[in-house]
Amino acid sequence: MNFQFAEPFRIKMVENVKRTTKDQRQRWLKEAQFNVFRLRAEDVYIDCITDSGTSAMSSEQWAALMRGDESYAGSQSFYRMEASVQDVFGMPYVQPVHQGRAADFMLAQLYTQPGKYALGNMHFDTFRGNAEVAGAKVLDLVVDEGLDAASPASPFKGNLDIDKLEHAISTHGRDNITMVMVTVTCNNNGGQPVSMANLKAVGSICRKHQIPLVIDAARLSENAYFIKTREPEYADWEIKAITREMLSEAETAVMSAKKDGLVNIGGLFVTRNLDIYHQANQLSIVHEGFITYGGQAGRDMDALAVGLQESTRLDYLDYRIKQVDYLGQQLKLRNIPIIDPPGGHGIYVDAKRFFPHIPQSEFPAQRMVVALYEEAGIRCVELGACAFGSKDPVTKEPVWPALEVMRIAISRRVYTNRHLDCIVEALSYIYSQRETYKGMKLVYEGPITSLRHFTAGFELLP
Ligand code: F0G
């Protein structure tokens with residue numbers, strides 16, 4: 001029997017959080033124009049707006065910080081970080097950057113061309129933005145079930161659809177496609193994993209057409225855990241053997257280390273192409289910092305060297321993925337509609353089924369975000385009509401995204417299952433009186449539609 005199923009750590013430092021009243025929260029919501037990005041974090045009881053940069057570091061990481069070597073060039077910290085990344089990625093060349101989007105910028109500079117396509121399962125916003133600024137076109141080719149929040153549970157909803165990929169290559173022509181990127185796990189549709197079989201199939205098509213394959217490895221270890229537990233051939237593999245096998249298909253990988261690096265800041269551009277590495281070095285010198293620090297302090301790189309190793313430990317991943325799953329199962333028991341199965345870094349609640357009477361033009365997922373903060377001081381994020389809505393370039397009519405969800409992102413090693421129980425209770429309460437909620441109206445948006453959710457202002461419809 002195994003009686004050691006609790007967290008594989010104990011807590012030796014705590015950060016106090018503040019309990020607040022509904023009156024206070026209603027006032028703060030009004031002041032923030034019902035946009036939770038504009039709240040003060042101290043007024044949030046449980047913060048699930050992101051899993052990025054919010055991990056609790058281990059005592060080993062804090063100890064490593066003290067070893068940080070702050071030399072401008074060639075620091076020991078760089079070499080320790082480089083060795084750790086080479087070990088997990090199985091790739092030789094490592095350019096640190098200050099966070100993931102700086103690596104996305106390099107990727108867009110080095111792997112896209114104006115008017116040509118960058119294909120992917122679902123590009124994360126920061127690569128998409130950088131690619132579009134560089135004049136490239138981007139296409140999301142995730143499997144259909146990954147675009148339907150109500151599709152039945154299946155193991156790898158992050159997979160890139162092979163037929164769609166072949167079709168895109170034959171329609172647009174190989175010469176009009178500069179790269180294919182697979183994001184693991186797929187953040188935009190539920191933190192859903194990509195199978196090894198799918199990565200290999202994509203890899204072989206890319207090799208056949210000589211199109212470079214890139215992996216967005218922000219949640220690499222979590223994806224590897226899903227491969228280990230859902231693809232029988234990998235059941236006996238070590239996590240690091242799986243991460244290396246995944247990346248063996250790719251020429252280059254980018255990573256926001258703020259996720260599976262278990263650090264609060266940092267990113268990586270990693271490649272097996274020496275020429276690309278040299279070009280990334282130049283971009284780093286101009287935009288990030290010298291090659292051996294790229295915008296990170298020596299101590300940041302030491303914390304990352306340790307964090308990356310910790311994130312590939314099976315006991316850690318087992319705790320991590322099962323904690324997120326616990327939240328999902330509790331919500332399902334109360335009939336709350338989620339993207340099923342639960343993803344790696346959070347639960348995505350389907351607002352179309354939660355508030356079926358609120359049309360997408362009235363922001364049902366944002367309404368849920370506001371309700372959850374109002375009732376419980378819990379902060380989540382809308383991934384729906386506000387974040388991913390766009391306008392038809394010709395008619396200027398709004399175009400609504402397929403998914404209309406509220407993401408409950410779970411920070412790594414930060415909250416207990418009791419905190420998750422608060423989320424379950426609060427959301428069940430809101431669900432029990434869902435008919436009483438009305439939609440919202442967008443009253444302010446910034447000039448760039450794809451970034452509007454960060455600064456948008458709303459009103460509640462009467
Ligand atoms: N790629 C993926 C898959 C991400 O999820 C993120 C960030 C980035 C790249 C950019 O990395 O923030 O370090 O610059 N995702 C965060 C989120 C912001 O909340 O999902 P960054």
Side-chain angles (χ1 to χ4, degrees), residues 50 52 97 99-144 146-147 156-162 164-165 167-169 172 176-194 198-199 202-203 205-206 211-220 223 246 249-256 258-259 267-270 339 343-345 348 381 383-384 387-390 399 401-403 405 407 448-454:
T50 186
S52 179
V97 293
Q99 66 178 78
R101 62 201 68 188
D104 288 334
F105 166 75
M106 291 178 174
L107 203 58
Q109 295 294 307
L110 301 176
Y111 282 95
T112 72
Q113 284 173 36
K116 298 196 175 181
Y117 287 90
L119 310 180
N121 52 347
M122 280 182 105
H123 293 298
F124 185 70
D125 331 8
T126 49
F127 172 74
R128 177 184 299 272
N130 274 294
E132 285 176 349
V133 168
K137 298 182 201 162
V138 291
L139 278 185
D140 287 347
L141 306 174
V142 73
V143 290
D144 284 342
L147 286 176
F156 292 107
K157 290 184 177 179
N159 281 355
L160 197 155
D161 191 306
I162 298 299
K164 291 184 193 172
L165 178 60
H167 185 252
I169 297 172
H172 302 297
N176 288 314
I177 295 162
T178 62
M179 62 174 278
V180 174
M181 175 146 84
V182 182
T183 299
V184 299
T185 57
C186 187
N187 184 8
N188 286 16
N189 77 346
Q192 296 292 313
V194 177
N198 187 250
L199 277 170
V202 173
I205 292 172
C206 287
I211 302 170
L213 175 62
V214 176
I215 291 183
D216 179 331
R219 300 176 179 87
L220 179 68
N223 199 92
M246 290 165 70
E249 295 294 329
E251 172 172 298
T252 292
V254 289
M255 182 186 206
S256 165
K258 300 169 73 172
K259 285 83 169 172
L268 297 166
F269 183 98
V270 192
I339 293 185
H345 66 289
Y348 292 53
V381 72
L383 299 177
F388 297 131
S390 56
V399 180
L403 293 174
V405 294
R407 181 182 74 173
I448 304 175
T449 305
S450 62
L451 301 178
R452 67 181 176 184
H453 51 300
F454 296 115

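The CG atom of Leu268 sits 10.5 Å away from the CE atom of Met106 when rounded to the nearest 0.5 Å. The structure places OH of Tyr117 at 13.5 Å from CD1 of Ile211, a figure rounded to the nearest 0.5 Å. Between the CD atom of Glu251 and the SG atom of Cys206 there is a distance of 10.5 Å, given to the nearest 0.5 Å. In this structure, Leu110 CG and Phe105 CZ are separated by 8.5 Å, a value rounded to the nearest 0.5 Å. Between the NE2 atom of His172 and the CD1 atom of Ile177 there is a distance of 6.5 Å, given to the nearest 0.5 Å. Arg452 CZ to Phe388 CZ: the interatomic distance, rounded to the nearest 0.5 Å, is 11.5 Å.
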Side chain to side chain contact (heavy atoms under 4.5 Å, CB included) between Asn176 and Lys137, intermediate numbers included: CA-CA 10 Å; Asn176 288 314; Lys137 298 182 201 162; over 6 Å; no

Test log, rule side chain to side chain contact (heavy atoms under 4.5 Å, CB included), inputs Val381 and Thr50: CA-CA 8 Å; Val381 72; Thr50 186; over 6 Å; no

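Between the side chain of Asn223 and the backbone N or O of Val194 there is at least one donor-acceptor pair closer than 3.5 Å. Judged by distance alone, with hydrogens and angles left aside, the side-chain atoms of Asn159 form no donor-acceptor pair with the main-chain N or O of Val143 at under 3.5 Å. A donor-acceptor pair under 3.5 Å is absent between the side-chain atoms of Asp161 and the main chain of Leu141, judged by distance alone. With hydrogens and angles ignored, the 3.5 Å screen pairs no side-chain donor or acceptor of Asn130 with any backbone N or O of Ala108.
Within the 4.5 Å cutoff, the side chain of Met179 has heavy atoms near those of the Leu107 side chain. Within the 4.5 Å cutoff, no side-chain heavy atoms of Asn188 are placed close to those of Leu403. Side-chain atoms of Phe454 and Ile448, non-hydrogen and from C-beta on, never get closer than 4.5 Å to each other. Asp104 is listed as a side-chain neighbour of Val254, based on a closest heavy-atom distance under 4.5 Å. Between Met122 and Leu147, the closest side-chain pair of non-hydrogen atoms falls below 4.5 Å. Between Asp140 and His123 there is a side-chain heavy-atom pair separated by less than 4.5 Å. Between Val142 and Gln192 the shortest side-chain heavy-atom distance does not fall below 4.5 Å.
Partners of Thr252 under the side chain to side chain donor-acceptor pair (under 3.5 Å) rule, at least two apart in sequence or in another chain, are Tyr111, Thr271. Qualifying side chain to side chain donor-acceptor pair (under 3.5 Å) partners for Asn187, counting only residues two or more places apart in sequence or in other chains: His345, Tyr348, Arg407. With sequence neighbours excluded, no residue forms a ring-ring contact (aromatic ring centres under 6.0 Å, His included) with His453.
Smallest separation of non-hydrogen atoms from Thr112 and Ala131: CG2-CB, 4.3 Å. When every heavy atom of Thr185 is checked against every heavy atom of Gly191, the shortest pair comes out as CB-O, 3.5 Å. Pro114 and Ala134 make their closest contact through CG-O, 3.7 Å (heavy atoms, listed as atom of the first residue, atom of the second, distance). Nearest heavy atoms, Cys186 versus Gly158: CB-CA, 3.9 Å.
For the side chain to side chain contact (heavy atoms under 4.5 Å, CB included) test with Val180, the passing option among Ile169, Val214, Leu165 is Leu165; the others fail.
Other residues, nucleotides and ligands contribute over 12 non-hydrogen atoms within 6.0 Å of the CG atom of Leu451.
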